Structure formats: structure tokens, C-alpha cells
Peer 1: 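The structure that follows is given in the form of C-alpha cells.
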Amino acid sequence: IINYLKKNHKPKKRKHNKKVSIIILSLNRFDDTERAIKYIYEFTKVPFEVIILDNNSTNDVKENLKELQLKNRNLKVIFENTNLGCAGGRHKAKQYATGDYVLFLDNDILVLPYYLENLIDRLEEDEKIAGVCCKTVFPDGKIQFNGGAIVFDDDYALFSLKNEGLHFSDEASNNKEECQWIPGGTTIWKKPVLDSFSVDPEMKGAFEDNEVCMRLIRAGYKLVNSPGSIVIHNHFMYKEEEYQNKEQNYYKERNNSERILYALLHFYKKYKLIVSFAWKGNPWDIYFGLQGKEQILDFINAKTGIKNDA
């Protein structure tokens, strides 16, 4: 991938003076965090700071994070006594950011050359661009996403991923495109925009990136991809079985059905739309066994008292 980037996506030489605040959330999995930091410091060539917000990891992980902070310049660790979740964690960590731009990175993301230069160049193409996402690739070279789209149909907001499954070098994935939404784990934002349209901490379980994109699009902002900003998502399904077994508690918490339900209901209250996905199925079915619009709306009504007007 690095050779491909050098040949096809090396940015024009120009000095980037604006500072980027890179925000990473931590909940155990220190090996992932340490590796992500190593790649950030190797391949980031513009002014930056790193902010790690730890969502109440075990004591040994907290000690490791303290050592990591001492070893790396411009790295700050914020320790929480409870798990704020992704939305709450990003919302709070952003308050410590001093950069002109804010880059949210999941802690299992490995950045590569030119990722940030190309993100910034794309972000600065248009004053109405609020956020830009990377071309995010699995370890096998297949694209996880290169932006996203939304279809509004019959009370649903159906979210999909651009270029999913294509090889990272596929010509179709080199198109600069405007997106209806951009996944949040490899995305840069203009800080003044993010200050006005912050991640909603009430999206406690998931879908916080879907929600903030809805607000931005409705306010007239643009969201785009950056095909020249390739990062690797070292997703757990590509890791050894021993690792997956060790991290079962993490994924159990991440897929907590109560928190996910809270987020789904909160989204519906705000937009009167049912969240669903083209690439991983209907969360209402996966977590709650609900199939079809009528079952979902009856369930929402029973939980919230909200009736669909249609």
C-alpha cells in the first residue's frame, strides 16, 4: 500500500501550518492503542497533538497509558472513572483539543504516508466542507469504506458504505466524491464546525457519526471522502482467535443492547426515521428480533409513546 501511495497519491509540496488534534478513545486493548500511536508518530508530518481519552480501562492499562504519555511529545491522556462510550468520549475529548482541525481515529486504525496532508487538502477545497473521511482498508486489502450514502425511504434512513469490498487500488475508489454521511472512526473535522455541531453524547450506544452527519447535511454543509488518505483498520475479525477470546468483554460492552436501543430511540425522536444499514443488516432485527416497519414502529411506540404520523 505504501508503494501505491507514493506512486499515486503523493501530495503537492506545501507547508501545512494549521494544527490537528488527533483524538483516540481507549478501553483496554492497549496493544492496539500503542501500535496506533507508533504509526501516527511515524507518518504524521504536519503540526499535531494526540489526545487519548480512556474510558475506565483496567489499572494495568492505565499505567501503560501513563508511560505512553511520558514517552511521546504532544500526547495527553484523559482518564475517566466510567465508560462514557464512543459518543460521550469523543464529545468530552474534543473539549481538550487545541488544533484548528479535529481528527477522530479508532484505536485499531493504522495510518499511512500522506494520510493527513491529503485529508487537510481535501478539507480546504471548499469552505462548506465540514468533514472528510479516509479510504479505510482491511488488512486483506479490501476497502471497508470510502465515504457513505443515505437513502430515505418509507420512514427508513438506510445507510450504506461507498466502495465496500473493492481492492484499495481499484480505479473506482479513486474518485473524489461528496457523501451523505462519513463513518466517524477515521474522519477529520473543521473544529469551529464541530464546536457548533458536536457529537451528541445522547447517542450512547452507537450511530453517533450517522446522527452528526444528518445535522450537518441539513444545515447545508458538505461531507466528502479522500481517496489519497488510506488507513488500515486492524479489525478484530482479522485477529487471531486467542485475541478475540481475550477481548470478549470489550465487544460485549460495545454491543450492549440497552445502549444501542437508547441510541436508536434517540435518533428516531430527533428525525422520525428508523436507522438501518445496507451492509450489516437491520439493527432492530439483530438486537431485538424486529422485522418490518410496523413491528419496529409498534416497538418504538411502546418504549417512548411516540406514534408515527403516517
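From a predicted model like this one, the values you see are computed outputs, not experimental measurements.
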Peer 1: Which residue is it: Asn234, Asp31, Thr33, Asp32? I am looking for the one with a side chain to side chain donor-acceptor pair (under 3.5 Å) to Asn107.
Peer 2: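 Running side chain to side chain donor-acceptor pair (under 3.5 Å) over Asn234, Asp31, Thr33, Asp32 with Asn107 returns exactly one hit, Thr33.
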Peer 1: Can you find a side-chain donor-acceptor pair between Ser173 and Lys135 that sits under 3.5 Å?
Peer 2: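 Yes, side-chain donor-acceptor contact under 3.5 Å.
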Peer 1: Can you check side chain to side chain contact (heavy atoms under 4.5 Å, CB included) on Leu265 and Ile300, steps first, answer last?
Peer 2: CA-CA 7 Å; Leu265 294 176; Ile300 291 172; 4.0 Å; yes
Peer 1: Check this for me, if you would: do Lys293 and Asp285 make a salt bridge, where the nitrogen-to-carboxylate-oxygen distance has to be below 4.0 angstrom?
Peer 2: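 No, no charged N to carboxylate O under 4.0 Å.
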Peer 1: Roughly how far, to the nearest 0.5 Å, is the CG atom of Leu290 from the CZ atom of Phe288?
Peer 2: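 The CG atom of Leu290 is 8.0 Å from CZ of Phe288, to the nearest 0.5 Å.
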Peer 1: Could you walk me through whether Ile188 and Val20 pass side chain to side chain contact (heavy atoms under 4.5 Å, CB included), step by step?
Peer 2: CA-CA 9 Å; Ile188 192 169; Val20 180; 4.3 Å; yes
Peer 1: Measure across Cys179 and Asn225 and return the closest heavy-atom pair with its distance rounded to 0.1 Å.
Peer 2: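 Distance-wise, the nearest heavy atoms are SG-N, 3.9 Å.
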Peer 1: Just wondering, more than 12 heavy atoms not from Lys45 lying within 6.0 Å of its NZ?
Peer 2: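 Result for NZ/Lys45: enclosed.
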Peer 1: Are any side-chain N or O atoms of Thr82 and backbone N or O atoms of Leu84, one a donor and one an acceptor, separated by less than 3.5 Å?
Peer 2: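 No, Thr82 side chain to Leu84 backbone: no donor-acceptor pair under 3.5 Å.
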Peer 1: Using a strict 4.0 Å threshold on nitrogen-to-oxygen distance, state whether Glu42 and Lys38 make a salt bridge.
Peer 2: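 Yes, Glu42 and Lys38 are salt-bridged.
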Peer 1: Which is it for Glu258 and Lys204 under the salt bridge (charged side-chain N to carboxylate O under 4.0 Å, His left out) test, yes or no, and what are the steps along the way?
Peer 2: CA-CA 9 Å; Glu258 290 185 9; Lys204 293 181 179 180; over 6 Å; no
Peer 1: Any donor-acceptor pair under 3.5 Å linking the side chain of Asn83 with the backbone of Gly85?
Peer 2: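 Yes; judged by distance alone, with no hydrogens or angles, the pair exists.
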Peer 1: Do Lys12 and Glu117 meet the salt-bridge criterion of a basic N to acidic O distance under 4.0 Å?
Peer 2: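 Looking at Lys12 together with Glu117, the answer is no, because their closest N to O distance does not fall below 4.0 Å.
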Peer 1: Check the angle between the aromatic planes of Phe138 and His233 and answer parallel, tilted or perpendicular using the 30° and 60° thresholds.
Peer 2: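 Correct class here is parallel.
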Peer 1: Report yes or no: do Tyr96 and Leu68 belong to one cluster of Ile/Leu/Val/Met/Phe/Trp/Tyr joined by side chain heavy-atom distances under 4.5 Å?
Peer 2: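 In one cluster: no.
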Peer 1: Yes or no on side-chain hydrogen bond (donor to acceptor under 3.5 Å, both in side chains) for Ser26 and Asp54, after CA distance, side-chain angles and deciding distance?
Peer 2: CA-CA 4 Å; Ser26 161; Asp54 183 71; 2.7 Å; yes
Peer 1: Step by step, work out the side chain to side chain contact (heavy atoms under 4.5 Å, CB included) result for Asp209 and Ile182.
Peer 2: CA-CA 7 Å; Asp209 43 5; Ile182 45 180; over 6 Å; no
Peer 1: Kindly say whether Ile129 contributes a backbone atom to a donor-acceptor pair with the side chain of Lys190 at under 3.5 angstrom?
Peer 2: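 Yes, Lys190 side chain to Ile129 backbone: donor-acceptor pair under 3.5 Å.
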Peer 1: Judged by modelled atom types alone, do Ser21 and Glu49 share a side-chain donor-acceptor pair under 3.5 Å?
Peer 2: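 Short answer, yes.
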Peer 1: Please report the interatomic distance CG(Leu119) to OH(Tyr114), rounded to the nearest 0.5 Å.
Peer 2: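 With rounding to 0.5 Å, CG (Leu119) is 14.5 Å from OH (Tyr114).
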Peer 1: Checking side-chain polar atoms at under 3.5 Å, does Tyr101 have a donor or acceptor matched by the opposite partner on Glu124?
Peer 2: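 Present: a donor and an acceptor within the cut-off.
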Peer 1: Take a 6.0 Å sphere around NZ of Lys10 and say whether it holds more than 12 heavy atoms from other residues, nucleotides or ligands.
Peer 2: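 Result for NZ/Lys10: open.
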Peer 1: Run the numbers on Val50 and Asn74 for side chain to side chain contact (heavy atoms under 4.5 Å, CB included), then give the verdict.
Peer 2: CA-CA 6 Å; Val50 177; Asn74 301 332; over 6 Å; no
Peer 1: Rounded at 0.5 Å granularity, tell me how far OG in Ser198 sits from NZ in Lys191.
Peer 2: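 Reported value, rounded in 0.5 Å steps: 9.5 Å.
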Peer 1: For His167 and Ser169, indicate whether the former's side chain and the latter's backbone hold a donor-acceptor pair under 3.5 Å.
Peer 2: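 Yes.
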Peer 1: Should Val212 and Leu25 be regarded as members of a common hydrophobic cluster, given that ILVMFWY residues are connected when their side-chain heavy atoms come within less than 4.5 Å of each other, either directly or indirectly?
Peer 2: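 Yes; tracing contacts between hydrophobic side chains, which count when under 4.5 Å, links both residues.
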Peer 1: First locate atom CG of Asn17, then atom CG of Asp100, and finally report the distance between them rounded to the nearest 0.5 Å.
Peer 2: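 Answer for the CG-CG pair, Asn17 versus Asp100, is 9.5 Å.
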Peer 1: Is it the case that more than 12 heavy atoms not belonging to Lys270 sit under 6.0 Å from its NZ atom?
Peer 2: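 Counting neighbours around NZ of Lys270, more than 12 heavy atoms of other residues, nucleotides or ligands fall under 6.0 Å, so yes.
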Peer 1: Supply the atom-to-atom distance Tyr115 OH to Phe43 CZ, rounded to the nearest 0.5 angstrom.
Peer 2: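 Tyr115 atom OH to Phe43 atom CZ measures 10.5 Å (nearest 0.5 Å).
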Peer 1: Tell me whether the centres of the aromatic rings in Phe48 and Tyr41 are closer together than 6.0 Å.
Peer 2: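 That pair passes the under 6.0 Å test.
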Peer 1: Please answer: with hydrophobic residues joined when any side-chain heavy atoms are less than 4.5 Å apart, are Leu105 and Trp189 in the same cluster?
Peer 2: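 No, Leu105 does not connect to Trp189 through the hydrophobic network.
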Peer 1: Under a 4.0 Å N-O cut-off, is there an ion pair linking Lys94 with Asp195?
Peer 2: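 Result for this pair is yes, salt bridge flagged.
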Peer 1: Using a strict 4.0 Å threshold on nitrogen-to-oxygen distance, state whether Lys272 and Asp155 make a salt bridge.
Peer 2: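 The answer is no: the pair does not qualify as a salt bridge.
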Peer 1: Should Leu223 and Val151 be counted in the same cluster of Ile, Leu, Val, Met, Phe, Trp and Tyr side chains packed under 4.5 Å apart?
Peer 2: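 No, because Leu223 and Val151 fall into different hydrophobic clusters, even though each may have its own neighbours under 4.5 Å.
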Peer 1: Using a 3.5 Å distance criterion without hydrogens, assess whether the side chain of Arg35 forms a donor-acceptor pair with backbone atoms of Asp108.
Peer 2: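 Such a contact is absent between Arg35 side chain and Asp108 backbone.
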Peer 1: Are Val231 and Ile143 connected into the same hydrophobic cluster when the rule is that any two of I, L, V, M, F, W, Y join if their side-chain heavy atoms are below 4.5 Å apart?
Peer 2: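 Yes, it is one cluster - the side chains of Ile143 and Val231 are joined through contacts under 4.5 Å.
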Peer 1: Is there a donor-acceptor pair under 3.5 Å between the side chain of Asn175 and the backbone N or O of Glu177?
Peer 2: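 Looks like no, no N/O pair under 3.5 Å.
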Peer 1: Counting only N and O atoms by type, is there a donor-acceptor contact under 3.5 Å from the side chain of Asn256 to the main-chain atoms of Arg259?
Peer 2: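 Between the backbone of Arg259 and the side chain of Asn256 there is a qualifying donor-acceptor contact (under 3.5 Å).
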Peer 1: Which one of Phe159, Phe145, Phe104 satisfies the side chain to side chain contact (heavy atoms under 4.5 Å, CB included) criterion with Pro183?
Peer 2: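 Considering Phe159, Phe145, Phe104, a side chain to side chain contact (heavy atoms under 4.5 Å, CB included) with Pro183 is found only for Phe145.
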Peer 1: For the residue pair Lys128 and Tyr221, would you count it as a cation-pi contact if the rule is NZ or CZ under 6.0 angstrom from the ring centre and within 45 degrees of the ring axis?
Peer 2: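 Yes, cation above the ring, under 6.0 Å and within 45°.
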Peer 1: Stepwise, does the side-chain hydrogen bond (donor to acceptor under 3.5 Å, both in side chains) test hold for Thr58 with Asn28?
Peer 2: CA-CA 6 Å; Thr58 56; Asn28 298 316; 3.3 Å; yes
Peer 1: Which heavy-atom pair separates Asn55 from Leu27 by the least distance, and what is that distance?
Peer 2: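 In this case the closest contact between Asn55 and Leu27 is O-CD1, 3.1 Å.
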Peer 1: So, are Glu164 and Lys142 salt-bridged, with charged N and O less than 4.0 Å apart?
Peer 2: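 Lys142 and Glu164: not salt-bridged.
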Peer 1: Any donor-acceptor pair under 3.5 Å linking the side-chain atoms of Lys62 with those of Asn56?
Peer 2: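 Yes, because at least one side-chain N or O of Asn56 sits under 3.5 Å from a partner of the opposite role on Lys62.
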Peer 1: Apply the test side-chain hydrogen bond (donor to acceptor under 3.5 Å, both in side chains) to residues Lys269 and Thr304: give CA-CA distance (whole Å), side-chain angles for both, the deciding distance (0.1 Å), then the verdict.
Peer 2: CA-CA 9 Å; Lys269 290 175 186 176; Thr304 67; over 6 Å; no
Peer 1: State the CZ-CD1 distance between Phe30 and Ile37, to the nearest 0.5 angstrom.
Peer 2: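 The distance works out to 9.0 Å.
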Peer 1: Please report whether the ring centroid of Tyr4 lies less than 6.0 Å from that of His9.
Peer 2: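 Ring centroids of His9 and Tyr4 are less than 6.0 Å from each other.
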Peer 1: Would you say His266 and Asp200 are linked by a side-chain donor-acceptor pair, where the criterion is simply a distance under 3.5 Å?
Peer 2: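 Yes, because at least one side-chain N or O of Asp200 sits under 3.5 Å from a partner of the opposite role on His266.
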Peer 1: Could you tell me whether Phe207 and Phe267 have their ring centroids closer than 6.0 angstrom?
Peer 2: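 Aromatic pair excluded; centres sit 6.0 Å or further apart.
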